[in-house]
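Below is one structure, written out as structure tokens, with a few remarks after it.
Both backbone and side-chain heavy atoms feed into the values below; hydrogens, waters and symmetry mates do not.
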Amino acid sequence: MRLVGPNGEQVGIVRVEDALRLAAEADLDLVEVAPQAKPPVAKLMDYGKFKYEAALKAREARKNQVNTVIKEIKLRPKIDPHDYQTKLGHIERFLRAGDKVKVTIWLRGREQSRPELGFRLLQRVAADIGELGFVESAPKQDGRNMIMVLGPTRKKAEARAEGRRRREQAAEKAPEAVEQAPEAVEQAEPAEESATETAAQ
């Protein structure tokens, strides 16, 4: 078999008995890493440590894995301007966070015979979000509803990293504000003393 040392150095082709002896002398395990190769490849390593590091890497990969979330916002064709701005604010917040947004227009009663009202509203939403997102799925009618999907222009991982950065900056500023507060109290005390003296006179 071809033997690889604990630091990745090539030991060469050795007999299995010699490889086992070298592993015992170094107090390491002999692990077959490429059984299909000719000759098979084995490595001297601490197998327990190897398994532990592999588990750590897998956990880190799971932590950094980003799950795509689709948020849904429902609108009516005859929505009030103030309500529209509120819903638009929600859409912008979701897009900034790196989430997709499914915009659904409810068409009720006679509105179903005028789907262009819903289509125009969806076009308005797409225009108003500006550079925060793009139309991933064009407006289409689905039964009584009209649906459009918006995608964020930046990835969720980037949005999450920026949010973490902002929290860290806020945490750094908080102690500074606490340090400045006693100074303000000290400055206020002489003013109170002078006011008391004036009143006494």
Side-chain angles (χ1 to χ4, degrees), residues 53-189 191-192 195:
E53 287 174 353
L56 275 183
K57 283 179 186 174
R59 197 180 309 149
E60 194 66 28
R62 279 198 302 274
K63 195 195 298 179
N64 294 331
Q65 189 177 2
V66 177
N67 296 324
T68 304
V69 177
I70 297 182
K71 305 283 188 178
E72 185 171 13
I73 292 286
K74 295 183 177 180
L75 308 172
R76 294 287 315 282
K78 296 176 182 177
I79 188 168
D80 179 77
H82 180 265
D83 291 343
Y84 174 78
Q85 289 301 325
T86 304
K87 299 275 188 178
L88 186 66
H90 292 324
I91 293 170
E92 289 174 347
R93 181 163 49 87
F94 295 147
L95 291 172
R96 279 196 196 95
D99 293 321
K100 293 183 181 181
V101 183
K102 178 182 175 185
V103 185
T104 304
I105 306 288
W106 282 344
L107 299 171
R108 296 196 303 186
R110 293 182 182 178
E111 292 171 351
Q112 292 177 51
S113 62
R114 298 192 62 195
E116 67 274 7
L117 294 174
F119 185 75
R120 277 204 296 269
L121 183 57
L122 290 175
Q123 283 185 317
R124 181 182 167 196
V125 170
D128 287 346
I129 60 167
E131 296 178 358
L132 290 173
F134 61 93
V135 178
E136 189 172 283
S137 175
K140 62 180 178 183
Q141 194 158 358
D142 181 20
R144 293 183 176 184
N145 299 330
M146 188 164 276
I147 295 166
M148 175 178 72
V149 178
L150 301 171
T153 49
R154 65 176 182 175
K155 294 179 181 175
K156 185 151 188 163
E158 294 171 9
R160 194 179 285 175
E162 187 176 325
R164 197 179 303 126
R165 202 163 43 245
R166 282 181 183 168
R167 283 194 299 273
E168 287 169 1
Q169 287 173 352
E172 287 172 8
K173 287 179 183 175
E176 291 175 12
V178 172
E179 287 171 10
Q180 289 170 2
E183 292 176 11
V185 171
E186 287 170 11
Q187 289 172 2
E189 284 173 359
E192 287 173 7

>> So which atom in L107 and which in P77 form the shortest heavy-atom distance, rounded to 0.1 Å?
In response: CD2-CG, 3.6 Å
>> I want to check something: taking the side chain as every heavy atom from C-beta on, are T153 and E131 in contact at a cut-off of under 4.5 Å?
In response: no
> Quick one: CD1 on I91 to NZ on K71, what's the gap to the nearest 0.5 Å?
Replying inline: 13.0 Å
>> More than 12 heavy atoms of other residues, nucleotides or ligands under 6.0 Å from CD of E116: yes or no?
In response: yes
> Once you round to the nearest 0.5 Å, how far does CE of M148 lie from CZ of F119?
Replying inline: 9.5 Å
> How many angstroms lie between atom CD of E92 and atom CG of L150, to the nearest 0.5 angstrom?
Replying inline: 11.0 Å
>> Let me confirm one number: the CZ-CG distance from F94 to L132, rounded to the nearest 0.5 Å.
In response: 13.5 Å
> Considering residues, nucleotides and ligands other than R93, do more than 12 of their heavy atoms fall under 6.0 Å from its CZ?
Replying inline: yes
> Roughly how far, to the nearest 0.5 Å, is CD1 of I105 from NZ of K74?
Replying inline: 12.0 Å
> Can you tell if the side chain of M146 reaches within under 4.5 Å of the side chain of L121, non-hydrogen atoms only?
Replying inline: no
> What are the two closest non-hydrogen atoms of V135 and A126, and how far apart are they?
Replying inline: CG2-CB, 3.6 Å
> Which heavy-atom pair separates G151 from K100 by the least distance, and what is that distance?
Replying inline: CA-CG, 4.4 Å
> At what distance, to the nearest 0.5 angstrom, does OG1 of T104 lie from CD1 of I73?
Replying inline: 9.5 Å
>> Would you say that V125 contacts L75 through its side chain, given a criterion of any heavy-atom pair below 4.5 Å between the two side chains?
In response: yes
> Mind checking whether I147 and L122 have side chains closer than 4.5 Å, heavy atoms only?
Replying inline: no
